[in-house]
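Everything on this sheet refers to the single structure shown next.
Labels below follow one simple rule: chain letters A, B, ... track the order of the sequence lines, proteins then strands, and each chain is numbered from 1. For clarity, every value in this text was computed on a predicted model and none was experimentally measured.
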Amino acid sequence: MGDNVARRGSPMRCIMSCFEPRWPNIRPASIRPGTPVRGGPRMGTATLLMTTNRSSPGLGEGEQDSGGSDVRLTLPARPENVAVVRHVLGAFAEALQLPDPVIEDMRLAVTEACTNVVRHAYSDGDPGPVEILIRPEGDTLQVIVSDEGRGLGPGGDSAGPGLGLPLIAALSHSLEIEQAPSSGSRLSMSFLRAPRRMELA
Amino acid sequence: MSGGAPVPGEPLTTVSIVAGPLVGPVLRRVVGMLAARADLPLDRLDDAVLVADLIAARAPAHMAGSRVDVALEPGPRSLSLRVGPLRAGGGQALIVDAAVPGVGNVIEQLADELSVSPEADGEFLLVRLAYAATAA
């Protein structure tokens with residue numbers, strides 16, 4: 001991961017241009033590491049990582065061996081399976097007794113991430129896998145959505161407003177977007193397990 | 001929408017959960033949703049969820065590792081579960097563990113097909129539930 005972070009300078013500018021057709025609201029200035037994505041109470045950070053050495057588009061090696069109380073779900077990237085993911089998130093959140101606002105934010109953000117995979121990652125009629133890892137980490141909950149598709153790039157097949165990624169960035173505490181060219185993408189988002197004081201006020 | 005029937009070449013649905021309190025809530029929901037999508041009638045859907053609960057409760061003691069891994073394959077009015085890898089002898093032990101005093105072995109009574117398959121990386125328990133009218 002360290003290598004990827006060190007390498008992100010110029011590739012980021014390059015890859016951001018790929019975002020524009022599909023997600024016009026994402027701009028390099030708003031996604032620079034450590035920079036607030038949006039003002040307001042849910043201010044978080046978004047990071048874009050360009051990966052060139054990932055052999056597998058799925059989860060990293062360390063994540064595969066996580067000994068924590070995590071859930072890993074792999075499904076064909078079909079629209080009806082997004083509901084399964086939402087349902088599993090509900091079960092997870094219920095078991096951890098997460099507050100309702102956190103559950104709703106998480107559900108919406110993960111739904112957007114999974115919908116992006118369903119709509120853009122694979123060619124029509126040939127759905128590959130979408131993998132979801134849900135893992136509590138201290139006072140945050142990490143959710144990683146990854147695929148083995150064509151990666152992030154110009155879509156051309158979406159008539160939508162391109163609000164998915166900005167919405168995920170706004171709802172999550174932090175967001176990392178990683179892609180290996182021609183072997184999938186990976187969105188890693190985290191959510192605070194308890195709403196911040198500012199949100200409660 | 002394929003009505004739950006598997007599409008050739010499509011990846012399987014798999015769920016992998018660290019043994020603990022999350023296994024039951026997560027597994028029962030995944031099984032319930034896939035059983036509903038496979039168009040199983042309500043009583044068989046209920047059976048499928050009961051089997052999922054039993055697997056969630058008993059399987060951790062018999063798994064080869066610290067996770068409960070289940071692959072699910074919905075078919076036309078059927079749902080197959082593949083639990084494992086289990087440790088050696090774990091498949092049969094899991095079936096025996098599913099016995100409830102006064103009721104008998106619940107998985108054996110509910111499943112249309114039940115088998116243990118030894119493979120290179122361990123044993124796998126295969127459970128298939130189907131609507132009686134279409135059961136193979």
Side-chain angles (χ1 to χ4, degrees), chain A residues 57-59 63-98 103 107 114 117-118 121-137 141-144 146-149 184, chain B residues 1-39 45 48-49 52-53 55-57 59-60 63-75 79-85 121:
Chain A
L59 302 168
E63 288 153 356
Q64 293 281 6
D65 296 325
S66 166
S69 57
D70 64 60
V71 174
R72 193 177 304 136
L73 187 63
T74 307
L75 297 149
R78 297 202 319 218
E80 60 267 31
N81 284 335
V82 177
V84 178
V85 177
R86 285 177 66 90
H87 218 45
V88 167
L89 279 174
F92 197 91
E94 200 176 286
L96 293 179
Q97 296 183 316
L98 297 177
I103 300 172
R107 270 191 173 151
C114 291
V117 174
V118 169
Y122 303 102
S123 55
D124 285 345
D126 186 22
V130 54
E131 188 168 275
I132 296 99
L133 174 78
I134 315 164
R135 176 175 58 192
E137 272 192 354
L141 197 67
Q142 190 182 26
V143 183
I144 299 172
S146 58
D147 64 70
E148 298 176 7
Chain B
M1 184 109 176
S2 60
V7 175
E10 195 174 80
L12 273 180
T13 295
T14 63
V15 58
S16 173
I17 314 155
V18 170
L22 288 169
V23 179
V26 170
L27 191 60
R28 75 186 331 256
R29 276 169 174 82
V30 175
V31 167
M33 282 206 80
L34 294 187
R37 195 182 302 150
D39 207 18
L45 190 150
V49 171
D53 280 344
I55 290 169
M63 300 301 294
S66 60
R67 308 183 68 94
V68 175
D69 297 296
V70 183
L72 301 105
E73 190 175 8
L79 180 66
S80 300
L81 285 79
R82 184 171 181 268
V83 186
D121 50 345

Inset, instruction - Check whether A:Asp126 gets within reach of chain B through its side chain, its backbone, both or neither, counting any heavy atom under 4.5 Å. - result: neither
Legend entry - Close side-chain approach of A:Arg135 to B:Val18, heavy-atom, < 4.5 Å: no
Inset, instruction - Check whether A:Ala77 gets within reach of chain B through its side chain, its backbone, both or neither, counting any heavy atom under 4.5 Å. - result: neither
Legend entry - With sequence neighbours excluded, residues passing side-chain hydrogen bond (donor to acceptor under 3.5 Å, both in side chains) with B:Ser80: none
Inset, instruction - Enter the distance from A:Thr74:OG1 to B:Asp69:CG here, rounded to the nearest 0.5 Å. - result: 10.0 Å
Legend entry - Max heavy-atom pair count under 4.5 Å with chain B, selected residue of A:Val84, A:Val85, A:Leu89: A:Val84
Inset, instruction - Output all residues satisfying salt bridge (Lys or Arg N to Asp or Glu O under 4.0 Å) with B:Arg28, sequence neighbours left out; order by chain, then residue number. - result: B:Asp53
Inset, instruction - Would you mind telling me which of B:Pro25, B:Ser16, B:Gly24, B:Gly65 has the largest number of heavy-atom pairs within less than 4.5 Å of chain A? - result: B:Ser16
Legend entry - pair B:Val30-A:Val88: side-chain heavy atoms closer than 4.5 Å: yes
Legend entry - Nearest non-hydrogen partners of B:Thr13 and A:Pro76, listed with the distance: OG1-CD, 3.4 Å
Legend entry - Residue part contacting chain A, namely of B:Leu72, when any heavy atom lies under 4.5 Å: neither
Legend entry - Pair A:Asp70 + B:Arg67, salt bridge at N-O below 4.0 Å: yes
Inset, instruction - Provide the closest heavy-atom pair for A:Ala95 versus B:Leu22 in the form atom of the first, atom of the second, distance. - result: CB-CD2, 3.2 Å
Inset, instruction - Look only at the side chain of B:Arg29 and the backbone of A:Gly90, and say whether a donor-acceptor pair between them is shorter than 3.5 Å. - result: no
